[in-house]
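Just so it is clear: chains get the letters A, B, ... in the order the sequence lines come, proteins before strands, and each one is counted from 1. Note that these values count all heavy atoms, side chains included, but never hydrogens, waters or copies made by symmetry. None of these values were measured; they are calculated from a predicted model.
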Amino acid sequence: MSLKKTSLYAATTVAALSVALTACGGSSSSGSSGGAWDKDATVNIGSLYEPQNLDNTAGGGQGVTEALNGNVYEGLFKLTDDGDVEKLLAENYKVSDDGLTYTFTLRDGVRFHSGKKLTSADVKYSLEKVLADDSQSARKSNLKVVKHIATPDAKTVKVTLSQKSISFVYNLSYVWIINSEAKNLKTTEDGTGPYTLAKWTRGSALSLDRFADYWGDAAANKKVVFHYYKNATALNNALMTNAVDVVTGEQSPDALDQFKNNQNYKVNDGDSTTKLLLAFNDKAKPFNNVKVRQAVSAAIDDKKLLHSVWGDYGRLIGSMVPPTDPWYEDLTDVNAYNVKKAKRLLAEAGYRDGFAFTLDTPNYDPHPTAATFIKSELAKVGITVKINTITSDQWYTKVYQNHDFTATLQEHVNDRDLVWYGNPDFYWGYDDKHVTAWIKQAEEASTTAQQTALLKKANRKTAEDAASDWLYLYPQIVVASSKLSGYPLNGLNAQFYAYDIKKKG
Amino acid sequence: MGRYLLRRLAFLAVSLVLASVVLFVLLRMLPGDPANALTSVGAGPEQIAAARRSIGSDRPLPEQFTHWFGQLASGDLGTSFVSSLPVGPEVTARLNVTVPLTLAAFVLAILIAVPAGFVAAYHRRTWYGALLSGVSQLGIAVPVFWLGMILIAVFALNAGWLPSGGFPQDGWAAPADAIRSLVLPVVTIALVMSASLIRYVRSATLDVLGSDYLRTARALGESFGTAMWRHGLRNASVPVISILGIELASTLLGAVVVESVYALPGLGSLLATGITQHDYPVIQGVLFVSTLAVLLIGFLADLVQRIVDPRLRSRLSGGAR
């Protein structure tokens with residue numbers, strides 16, 4: 001079993017390598033035959049998400065992932081724009097029979113920006129940094145299974161887990177490998193990526209320079225500047241006046257027309273992982289009753305809501321799982337829009353005359369719009385919604401920490417986050433012993449096929465139970481100058497790889 | 001004059017200390033915890049506690065205050081909770097945008113408002129005098145962000161003469177770019193500011209035009225121009241100067257709307273970001289510096305008024321108060 005698996009990994013390595021080589025040959029030849037793109041171009045990227053600091057274990061936020069992940073820092077593995085996990089600083093790895101020991105072999109010839117050679121000690125340090133007591137990494141809880149990290153030699157890292165975790169390798173794609181001797185990581189960096197940090201001017205811009213000693217293919221441009229804007233209008237103006245070449249994610253469809261009908265720009269409709277949820281408190285009345293949740297889900301016309309917020313963009317989902325997750329299944333028919341059915345379910349649940357509840361609504365877009373819409377939809381089946389507008393801070397304390405709510409609106413941005421329904425202590429309090437067990441078993445599965453099958457089962461059950469109402473999946477719209485190519489379209493988990501971006505002179 | 005200056009400076013120092021106490025206490029009354037800004041949504045209680053420890057928000061308030069005030073006294077504005085960057089250089093960098101922006105807008109506003117206000121008063125019975133008054137009235141009603149958007153649409157998006165926003169990352173090391181990026185914001189603030197200034201200049205001029213001393217000066221044979229220059233302007237400027245002081249001070253932080261429209265990294269936007277992140281050292285730093293600036297501007301306005309108006313000088317230095 002273990003032998004088979006090892007050889008399987010070895011085979012994929014060879015395959016991946018050959019693919020990489022062909023890709024390499026392909027791109028360089030297309031580049032030279034086109035001859036139009038500028039190897040030393042500066043790519044200007046417009047974004048609304050300025051990092052709070054530069055350390056992703058110290059609350060750097062979404063912006064630091066966007067600017068530095070894959071560009072300045074690299075992990076043992078990387079999550080591609082299509083959602084696949086590929087080896088990056090790990091050249092190879094082996095999993096023991098019991099699935100508890102992972103042995104990673106590091107790539108040769110990798111240097112940090114400071115010039116130091118990458119060793120296993122740096123990997124150990126970086127993993128421990130994520131797991132440390134004071135770490136604020138979003139992945140800390142996923143990596144808690146790590147029991148012991150050994151470094152038998154400079155090229156080898158051996159990680160022992162306390163229990164099997166099939167997502168371990170995937171989770172490692174979020175762990176930046178940092179020079180163990182680096183200091184001041186909130187304001188400086190020392191990674192291994194294709195760019196070095198040139199300058200961060202808070203409130204304005206962050207620029208990256210191509211790293212001359214990069215171990216892999218050099219970046220397709222010489223300099224990347226992330227320009228930060230406070231509002232979408234200023235951002236779109238910058239794109240219109242060529243102050244930026246690409247916008248990492250449009251937040252509203254209003255501005256798209258000016259780019260759609262303009263041959264100087266390209267509007268790309270990619271896949272996002274951000275879901276808008278009407279999250280019930282599944283432990284509190286009346287939403288502890290499955291029928292009430294199903295009724296509310298059936299009473300809201302998600303399609304109309306999506307259209308009013310996003311026009312022709314975005315898509316409906318009937319569950320927590322977006323199409324880029326490996327266990328996606330189209331479940332939009334489960335608890336689909338059906339007012340008659342909603343009324344019947346309410347009557348069965350003993351709420352023939354409806355009821356009233358308070359909807360805790362974050363005060364930023366699109367939540368207030370969605371809340372008003374939900375209020376008018378539910379009024380049609382006799383349910384009265386009281387909209388209680390709160391700040392994100394209040395949401396965090398009231399809803400997330402204290403579970404003091406009946407229903408709330410929230411966007412959930414991460415991929416593969418179905419697993420929260422397997423945690424009865426999560427803020428929405430969904431507690432189904434089958435789902436909890438399936439999600440646990442999936443994590444301890446030996447093959448991805450097993451994992452996928454179990455998560456599909458869990459997902460279907462949460463959808464049927466209307467654990468939450470998944471209103472819609474956001475679109476991921478990247479608008480770029482038509483001079484640009486090679487930019488990421490999906491931007492999974494807010495990352496934005498800049499090294500393949502080519503700009504015509 | 002010397003005693004007056006001393007007294008004024010002592011007043012300044014006491015005001016500053018009082019203001020710093022007030023703003024420290026007021027900030028701590030805001031709901032929410034700065035540790036939340038640092039932790040991610042998956043954070044457990046121990047992570048939040050660690051965040052609190054690392055920024056010192058778990059210590060008693062008096063201790064936090066003495067710590068901050070001690071730093072302040074030695075000229076250190078502290079370190080941001082969120083970015084770990086020292087606040088002092090951060091504020092300085094923002095002042096590099098906000099001060100030129102405010103001063104240039106201020107000067108431009110005066111250049112527009114003084115002649116326009118004078119014309120509106122002196123020629124108040126002509127059609128263009130009335131038009132000027134009307135336009136300034138309208139100008140007061142125009143929201144600054146709307147004017148900004150119009151100017152961007154006309155001069156940046158359509159004509160392409162000027163950038164629609166942003167400030168060069170190298171700042172004033174690229175002077176031409178820096179100036180170009182400030183032109184539209186300066187014009188925006190100046191137009192809105194001058195609208196209200198025109199009203200003040202106009203009414204101050206009207207007072208002077210109807211005054212006895214101007215009539216007397218004319219009767220003594222001075223030409224209108226000389227009389228206006230020697231007596232009118234001086235008298236008219238006294239109330240206008242105090243208004244100017246207030247306008248300048250409020251623009252310093254009030255420019256936040258313009259900074260947002262034009263994506264400028266100014267002091268106001270630093271404050272706005274600091275508030276959303278509960279970044280107390282940043283908020284305190286910005287408010288302290290702006291309080292200092294407002295007090296200084298008030299002090300300067302007083303001083304200029306005394307130089308312009310000898311009556312204020314003699315009354316106070318004579319010990320009447």
Side-chain angles (χ1 to χ4, degrees), chain A residues 46 50-56 58-61 132-142 184-187 198-207 225 227-231 233-244 258 391-394 396-397 400-401 410 412-414 420 427, chain B residues 30-33 35-51 53-54 80-86 90 93-94 97 145 148-149 152-153 156-157 160 162-171 181 256 259-266 269-270 272-273 276-279:
Chain A
E50 177 167 20
Q52 309 197 341
N53 63 57
L54 301 183
D55 187 345
N56 75 343
D133 279 345
D134 62 349
S135 153
Q136 289 140 27
S137 164
R139 297 288 152 174
K140 189 178 170 182
S141 56
N142 303 105
N184 301 328
L185 288 170
K186 279 182 165 186
T187 52
K199 191 177 177 189
W200 177 31
T201 315
R202 254 194 108 200
S204 155
L206 184 151
S207 52
V225 187
H227 299 267
Y228 297 111
Y229 296 85
K230 291 266 175 332
N231 66 70
T233 314
L235 179 58
N236 288 323
N237 287 341
L239 186 61
M240 267 321 254
T241 53
N242 299 320
V244 302
Q258 58 186 329
T391 65
S392 55
D393 244 12
Q394 285 171 310
Y396 188 79
T397 316
Y400 188 79
Q401 284 184 325
Q410 188 53 261
H412 283 256
V413 298
N414 286 328
W420 292 119
Y427 79 88
Chain B
L30 285 179
D33 187 332
N36 285 353
L38 288 171
T39 46
S40 62
V41 159
E46 77 281 5
Q47 276 170 285
I48 293 169
R53 260 198 311 282
S54 77
S80 158
F81 285 168
V82 176
S83 70
S84 286
L85 292 166
E90 186 68 31
R94 301 306 183 99
V97 177
F145 70 89
M149 282 160 63
I152 290 174
L157 297 182
L162 292 160
S164 64
F167 194 72
Q169 203 193 357
D170 297 331
S181 63
V256 61
E259 285 169 12
S260 166
V261 169
Y262 289 101
L264 290 176
S269 62
L270 179 64
T273 316
T276 53
Q277 295 174 343
H278 287 287
D279 199 345

Given 3.5 Å as the limit, does a donor-acceptor pair link the side chain of A:Asn231 with the main chain of B:Ser260, or not? yes
Residue A:Leu235 versus chain B: region with a heavy atom under 4.5 Å: neither
Looking only at A:Ala234, A:Ala238, A:Ala205, A:Ala243, most heavy-atom pairs under 4.5 Å shared with chain B are made by A:Ala205
Most heavy-atom pairs under 4.5 Å with chain B, out of A:Lys199, A:Lys230, A:His227, A:Met240, belong to A:Lys199
Just by modelled atom types, is the A:Ala132 backbone N or O under 3.5 Å from a matching donor or acceptor in the A:Lys140 side chain? yes
Of all heavy-atom pairs linking B:Ser164 and B:Tyr262, the shortest is O-CD2, 3.7 Å
By a 4.5 Å heavy-atom criterion (distance strictly below it), what part of B:Gln169 contacts chain A: side chain, backbone, both, or neither? both
Is it the case that the side chains of B:Ser83 and B:Ser80 hold a donor-acceptor pair, with the cut-off being a distance below 3.5 Å and no angle test? yes
Using non-hydrogen atoms only, which part of A:Thr233 is less than 4.5 Å away from chain B: side chain, backbone, both, or neither? neither
For A:Thr391, which atoms come within 4.5 Å of any heavy atom of chain B: side chain, backbone, both, or neither? neither
Does any backbone or side-chain atom of B:Thr273 lie under 4.5 Å from a heavy atom of chain A? Answer side chain, backbone, both or neither. side chain
State whether the side chain of A:Thr241 and the backbone N or O of A:Asn237 hold a donor-acceptor pair below 3.5 Å, judged by distance alone. yes
Describe, in one word, how the ring planes of A:His412 and A:Tyr427 are oriented to each other, choosing from parallel (under 30°), tilted (30 to 60°) and perpendicular (over 60°). parallel
